[in-house]
> 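One structure, pasted below without further comment.
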Protein chains: 2
Amino acid sequence: MTRAPATPPARERLLTAAGELFYASGIAATGVDAVLTRAGVSPATMYAHFAGKDALVAAYLGRRHERWRLTWDEVLAERDDPVDRLLSLFDAVARYRSREGNGRGCAFLAAATELPADHPGHPWLEADTRLLGERLRELASAAGLLDPEEAAATLLLLYDGALNRFARAATTPGLPGDDPLARARRLAAAWIGTQLSDPRAG
Amino acid sequence: MTRAPATPPARERLLTAAGELFYASGIAATGVDAVLTRAGVSPATMYAHFAGKDALVAAYLGRRHERWRLTWDEVLAERDDPVDRLLSLFDAVARYRSREGNGRGCAFLAAATELPADHPGHPWLEADTRLLGERLRELASAAGLLDPEEAAATLLLLYDGALNRFARAATTPGLPGDDPLARARRLAAAWIGTQLSDPRAG
DNA sequence: GTCTATAAGCTGATAGAC
DNA sequence: GTCTATCAGCTTATAGAC
């Protein structure tokens with residue numbers, strides 16, 4: 001009855017600990033020792049599961065990308081109106097935040113500033129960028145916007161802005177307590193409105 | 001005739017080299033050796049000018065903050081119209097970029113993800129955040145906007161968004177080649193327009 | 001067979017002595 | 001300016017517990 005599961009989640013605990021520490025303190029600043037201690041895993045076990053720290057970092061980024069994509073899928077599945085589907089980007093971020101608690105902005109952008117270009121985790125950064133661009137272009141097109149490319153660029157600007165505000169708020173406590181995500185969504189909705197009603201806008 | 005200047009710019013060369021390397025490769029990933037080599041300075045000389053790497057990092061951030069502030073001052077001095085003065089934020093970034101070439105987004109935000117909260121350079125990150133907020137509130141107020149706080153938050157969202165787009169573009173080459181800064185300025189100008197003409201907006 | 005505990009080697013960076 | 005001590009972080013090896 002009180003038996004441990006047949007496959008003890010050593011790898012799982014490593015990924016969880018790595019996710020928390022890498023995101024909270026930065027990748028370079030987080031030592032392997034800290035991850036091992038938090039996960040309660042011995043070095044030998046870790047190196048049996050991952051080739052090294054770089055591989056652990058890559059797995060951390062891959063898992064984060066996967067969860068973000070699933071969250072967005074989930075929100076999209078609840079939306080029918082084409083404009084709502086386009087704006088679902090912001091709702092998905094809100095849900096991801098409430099679920100995983102990413103109070104320090106975009107993990108992929110943070111990783112991009114820390115990792116060299118040939119790091120094994122780098123493909124995940126590009127995957128994130130590509131997913132955002134492609135989906136937004138599709139959704140904008142489906143919403144009947146004249147220039148999907150333009151729409152994607154505008155929404156990405158607001159999306160990146162909101163995430164960056166979170167990152168800045170994390171470093172400077174005294175900031176005004178408004179919600180950047182709600183603001184970004186409002187601005188996006190207003191902009192989409194101008195695109196739908198006035199074909200000459202731009 | 002070929003005499004070196006009376007005050008050889010050892011400290012200056014160090015700050016220049018540090019600025020280039022820290023910004024391009026990240027602070028944690030850049031070793032002191034690399035800075036010394038690029039500056040052509042010996043370790044002893046460096047430790048005579050700076051207590052250690054942390055102090056060098058703090059000086060790098062301080063200098064960057066100072067130059068950014070001066071650039072914005074410069075642009076502001078050329079603007080008379082209150083709305084132009086409010087939008088000068090984006091023109092100042094453009095000028096700073098063309099002058100210092102910051103192709104990888106906001107150095108302070110990047111530093112914020114890399115440095116621990118008790119790092120000696122941390123006050124500069126807060127100084128940057130404070131300068132942005134205070135100035136924008138003042139300029140928004142002078143421009144006659146109803147809610148300067150709201151205006152500052154909106155412009156900061158767009159400002160952070162543009163800088164974040166630069167950072168993302170640096171990691172993923174295949175992105176569309178539009179100018180996020182021009183887009184942010186356009187969106188800001190349009191939003192300000194709604195605030196001036198329609199007092200009930202929000 | 002999988003995981004833990006401990007310890008030691010290696011690399012490179014920081015710091016300081018000469 | 002050179003050269004070396006010191007230290008931290010990553011990795012691997014050994015030995016034992018469930």
Side-chain angles (χ1 to χ4, degrees), chain A residues 1-61 110-111 113-122, chain B residues 4-5 7-15 17-61 111 113-122:
Chain A
M1 311 308 178
T2 55
R3 287 277 295 277
T7 54
R11 182 194 169 90
E12 203 57 27
R13 275 180 295 153
L14 280 169
L15 283 174
T16 301
E20 291 164 352
L21 293 176
F22 286 157
Y23 184 71
S25 312
I27 293 171
T30 301
V32 173
D33 291 4
V35 178
L36 293 175
T37 301
R38 176 174 266 252
V41 167
S42 73
T45 304
M46 186 203 124
Y47 286 101
H49 284 286
F50 302 97
K53 183 183 181 179
D54 286 350
L56 181 61
V57 169
Y60 148 68
L61 292 171
T113 72
E114 289 198 86
L115 304 185
D118 60 343
H119 191 280
H122 212 268
Chain B
T7 53
R11 182 194 168 89
E12 203 57 26
R13 276 179 295 152
L14 278 170
L15 283 173
E20 292 163 352
L21 293 175
F22 286 157
Y23 185 71
S25 312
I27 293 172
T30 300
V32 173
D33 289 6
V35 177
L36 292 175
T37 301
R38 177 173 264 253
V41 168
S42 72
T45 305
M46 185 202 124
Y47 287 104
H49 284 287
F50 302 98
K53 183 182 180 179
D54 286 350
L56 181 61
V57 168
Y60 149 69
L61 292 171
T113 71
E114 288 198 86
L115 303 185
D118 59 344
H119 191 280
H122 213 268

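Below, chains carry the letters A, B, ... as their sequence lines are ordered, and counting in each starts from 1.
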> Would you name the heavy atoms of A:A55 and A:A51 that are closest together and state the gap between them?
CB-N, 3.7 Å

> First locate atom CE of B:M46, then atom CZ of B:R11, and finally report the distance between them rounded to the nearest 0.5 Å.
11.0 Å

> Name every residue in residues 49-58 of chain A that has at least one heavy atom under 4.0 Å from any atom of DNA chain D, in order of residue number, or write none if there are no such residues.
A:G52, A:K53

> Under 4.0 Å from a heavy atom of chain B: give me the 5'-most and 3'-most nucleotides of DNA chain D that qualify.
D:dG1 to D:dT2

> Could you pull out all residues at least two apart from A:A111 that satisfy side-chain contact (heavy atoms from CB on, under 4.5 Å)?
A:I27, A:L61, A:L115, A:L125

> If a pair satisfies ring pair (Phe, Tyr, Trp, His ring centres under 6.0 Å) and one of its residues is in residues 26-57 of chain B, list it, with sequence neighbours excluded.
none

> Please enumerate all residues that pass side-chain contact (heavy atoms from CB on, under 4.5 Å) together with B:A39, with sequence neighbours excluded.
B:R13, B:L14, B:A17, B:V41

> What residues form a side-chain contact (heavy atoms from CB on, under 4.5 Å) with B:T37, not counting sequence neighbours?
none

> Closest approach of B:Y60 and B:L15, non-hydrogen atoms and distance?
N-CD2, 4.1 Å

> Identify the pairs formed between an N or O of the protein and an N or O of nucleotides 4-8 of chain C at a distance under 3.5 Å, and give each distance.
residue	atom	partner	partner atom	Å
C:dT4	OP1	A:G40	O	2.9
C:dT4	OP2	A:S42	N	3.3
C:dT4	OP2	A:T45	OG1	3.3

> Just to verify, what does A:S42 make a side-chain hydrogen bond (donor to acceptor under 3.5 Å, both in side chains) with, not counting sequence neighbours?
A:T45

> Who pairs with A:D54 by side-chain contact (heavy atoms from CB on, under 4.5 Å), at least two apart in sequence or on another chain?
A:H119, A:P120

> For DNA chain D, which residues of residues 22-37 of chain B approach it to below 4.0 angstrom with any heavy atom?
none

> Partners of A:T30 by side-chain hydrogen bond (donor to acceptor under 3.5 Å, both in side chains), sequence neighbours excluded?
none

> Which ring pair (Phe, Tyr, Trp, His ring centres under 6.0 Å) pairs, counting each pair once, include a residue from residues 26-45 of chain B, with sequence neighbours left out?
none

